[in-house]
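For ligands, and for the atoms within them, numbers begin at 1 and follow the listed sequence.
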Amino acid sequence: MKPCDVEKRLSKITKCTISSDEYVRNFYSVDASSYILKPSVVILPRNKIDVMKIIKFAKRYHIPVTPRGAGTGLVGSALGRGIILDMRNFDKIKLGASHVEIGSGVFKGHLDKILKKQGRIIGPDPSIGPFCTIGGMIGTNASGIHSLKYGSVIDNIIQVRMIDSSGKIIKFPGRYDSIIKKIQARNSTFPKVSKNSCGYRIDKVFSEKDLYKLIAGSEGTLGIIISAKLVTYPSPKNILLYVIHYKTLSDATRDVPKILELEPSAVELVDSNITKHIKINMPSTGCLLFVELDDNKNRKQIYKITSGKIIKTESNAAKIKKLWSFRNSALAYSLRSITKNETMPTLIEDVVVPVKRLPLLLKILDMICKKYSLKVIVYGHAGNGNLHMRPILKQKDLGLIKTIATEFFAAVISIGGSITGEHGDGLARSEFVKLQYDAKTYSVFKDVKKQFDPENILNPGKIISSQSTVTRNLKI
Ligand SMILES: Cc1cc2nc3c(=O)[nH]c(=O)nc-3n(C[C@H](O)[C@H](O)[C@H](O)COP(=O)(O)OP(=O)(O)OC[C@H]3O[C@@H](n4cnc5c(N)ncnc54)[C@H](O)[C@@H]3O)c2cc1C
């Protein structure tokens with residue numbers, strides 16, 4: 001069906017904003033990833049009734065539906081050829097004493113401001129800061145700097161309300177028992193890492209009560225999230241931030257397991273490509289670890305255990321915020337290292353390994369970079385074993401992306417890691433989900449998808465993928 005016909009027909013069944021205009025479709029054809037895919041129409045549903053009607057329509061004409069938050073995702077998971085559902089109108093917030101019930105279209109920055117008045121926070125805090133939505137955070141199982149203390153989204157949801165592919169409202173926890181037996185028959189090929197956004201997280205589902213955890217990281221493939229209930233925490237006080245200088249990334253990552261014994265709330269790493277843009281006095285070139293402690297115990301012990309040089313100890317809230325902004329801008333700083341004929345695809349950029357294996361991960365990266373003559377930028381959540389590793393390719397070498405990814409991911413999996421710790425599968429990595437898990441686990445993933453979306457209309461090709469999409473529709 002032509003985009004204008006989809007718009008016309010949908011306009012007869014719902015009064016919400018629908019557009020098949022070229023400029024609107026172009027706007028929604030990109031997100032923060034390296035991909036471009038033009039949708040047929042873009043819709044801003046006003047309420048759950050609109051969503052139900054749209055899903056039923058899409059099912060009838062077999063048009064794919066992709067929910068979208070703010071489009072800050074880095075793997076193309078919010079891009080699709082059919083209907084894009086922009087969920088911004090789902091903006092209700094209801095505060096509880098230790099939780100918040102929240103519409104999927106609420107921007108994290110807006111929620112943060114409201115929670116601040118209550119003296120509370122939510123745990124997962126992606127570096128994109130205020131600009132992502134709750135639906136997108138759940139969709140990717142997002143995490144952030146403080147996930148070392150608070151976990152990823154999957155560790156913080158209590159309830160999810162969504163609309164499945166038949167246009168029915170589903171509330172979790174609740175009865176959806178037919179899938180449980182299949183999930184319980186899974187075996188245990190899940191990597192033992194602190195965060196993981198690859199595939200469906202059946203490893204966290206043990207009974208009907210925790211079935212809602214499947215929705216974290218499901219990338220809009222199982223249902224359209226309307227609202228969710230998330231845990232909130234008291235805002236931390238007495239924060240102390242240490243900035244530690246190391247000559248090499250290996251030196252820094254070797255220290256991380258010892259530092260974790262101090263129970264820090266964050267341990268983040270930036271390499272020399274980033275530090276050269278940061279206004280901070282360093283003894284020599286090298287990398288920095290940012291170590292945050294948010295209670296009074298263990299504070300002085302860091303001097304005994306670090307092999308690096310502590311170059312800053314900060315307890316002033318405004319100055320800590322400024323220092324964290326250096327780390328949060330790492331992606332922006334990285335872009336400054338790219339010259340005219342080079343590109344930095346968002347592809348092998350968020351693997352996670354057991355923390356003790358970080359030095360080994362760096363060796364693997366080094367070998368691959370030498371083999372393919374790549375420059376690379378490294379930063380991220382060292383305390384979680386989750387590093388953003390961004391190889392810079394010459395434009396002419398773009399054809400190598402799949403070979404490099406396959407080799408690198410296989411090596412990461414062989415040392416007990418996951419190919420994505422927080423950004424998800426999307427167009428960049430769905431074809432590698434089969435590499436991550438064994439055949440039995442992958443077949444349970446297919447059962448899960450079939451259960452919620454038997455006709456494959458919800459964000460098809462993401463997570464469960466029969467095609468190679470890693471180098472298709474690249475915009476770089
Ligand atoms: C500079 C930068 C830094 C970042 N730092 C981090 C970081 O530290 N940690 C981290 O985890 N991520 C990070 N990200 C990635 C990204 O910002 C997060 O994953 C974010 O949570 C995505 O939110 P969004 O609203 O933009 O979602 P989108 O990109 O719009 O969507 C993401 C996925 O969620 C699905 N989705 C959206 N809404 C719904 C809904 N209502 N129902 C069902 N599915 C839905 C989409 O279909 C898609 O699959 C970063 C991105 C950038 C650009």
Side-chain angles (χ1 to χ4, degrees), residues 28 30-35 39 45 48 51 55 64-80 83-91 102-109 122-147 151-154 160-164 195-197 215-228 266 268 324 327-335 346 349-350 352 379-381 384 386-388 390 420-428 430 452-453 458-463:
Y28 284 88
V30 290
D31 58 2
S33 74
S34 305
Y35 297 96
K48 60 183 184 215
V51 177
I55 295 286
V65 179
T66 302
R68 175 166 170 131
T72 68
L74 288 161
V75 290
S77 55
L79 304 179
I83 296 170
I84 296 288
L85 286 187
D86 180 329
M87 299 298 286
R88 70 179 67 189
N89 291 327
F90 292 78
D91 58 357
I102 185 162
S104 59
V106 171
F107 276 77
K108 179 174 181 288
I122 57 164
D125 55 345
S127 305
I128 188 72
F131 303 108
C132 56
T133 66
I134 298 303
M137 287 178 66
I138 299 173
T140 55
N141 186 24
S143 50
I145 284 176
H146 293 97
S147 288
S152 306
V153 163
I154 199 164
V160 182
R161 213 180 275 262
M162 71 173 200
I163 292 173
D164 74 1
K195 40 158 81 165
N196 182 8
S197 286
I215 308 309
S218 64
E219 300 185 14
T221 61
L222 303 182
I224 312 297
I225 302 159
I226 298 300
S227 64
E268 296 284 311
W324 273 133
R327 156 62 190 98
N328 284 331
S329 303
L331 178 52
Y333 292 138
S334 310
L335 295 170
T346 51
E349 44 73 59
D350 96 301
V352 54
Y379 61 91
H381 316 292
N384 282 102
N386 177 211
L387 290 185
H388 300 306
R390 294 178 157 264
T420 166
E422 54 181 24
H423 297 157
D425 301 317
L427 296 170
S430 290
F452 289 92
D453 181 23
L458 297 176
N459 212 5
K462 317 292 163 42
I463 302 184

For S127 and H381, work out which heavy atoms get closest and say how close.
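The pair with the smallest heavy-atom distance is OG-CE1, 4.5 Å.
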
Proximal ligand 1 atoms for [X], defined as those under 4.0 Å from one of its heavy atoms:
X    : value
I224 : 42 (N)
T140 : 19 (O), 21 (O), 32 (C), 33 (C)
L331 : 1 (C), 2 (C)
G69  : 25 (O), 28 (P), 30 (O), 37 (C), 38 (N)
S104 : 41 (N)
M137 : 21 (O), 23 (O)

Quick check: [X] and ligand 1, any N/O pair under 3.5 Å apart?
X    : value
E422 : yes
A70  : yes
D31  : no
G71  : yes
T66  : no
D125 : no
P126 : no
I225 : yes

Just to confirm my output: which protein heavy-atom neighbour is closest to [atom], and how far is it?
atom                    : result
atom 47 (O) of ligand 1 : P67 O, 2.6 Å
atom 29 (O) of ligand 1 : G73 N, 2.8 Å
atom 33 (C) of ligand 1 : S77 OG, 3.5 Å
atom 22 (C) of ligand 1 : T72 OG1, 3.4 Å

Considering only heavy atoms, does L85 approach ligand 1 within less than 4.0 Å through its side chain, its backbone, both, or neither?
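No part of L85 comes within reach of ligand 1.
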
Heavy-atom contact check, 4.0 Å cutoff: does H381 meet ligand 1?
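Judged by the 4.0 Å heavy-atom criterion, H381 does count as contacting ligand 1.
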
Please confirm whether S147 comes under 4.0 Å of ligand 1, counting heavy atoms of the residue only.
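Judged by the 4.0 Å heavy-atom criterion, S147 does not count as contacting ligand 1.
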
Would you tell me which option among K195, K462, H423 has the nearest heavy-atom contact to atom 12 (N) of ligand 1?
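Looking at heavy atoms only, the winner is H423.
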
Would you mind checking if E219 and K462 are paired as a salt bridge, meaning a charged N to carboxylate O distance below 4.0 Å?
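No, this pair does not count.
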
With side-chain contact (heavy atoms from CB on, under 4.5 Å) as the criterion, how do R390 and Y379 come out once you've worked through the C-alpha distance, each side chain's angles and the decisive distance to 0.1 Å?
CA-CA 9 Å; R390 294 178 157 264; Y379 61 91; 3.2 Å; yes

Between S152 and K195: side-chain donor-acceptor atoms closer than 3.5 Å:
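Not at all, the side chains of S152 and K195 share no donor-acceptor pair under 3.5 Å.
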
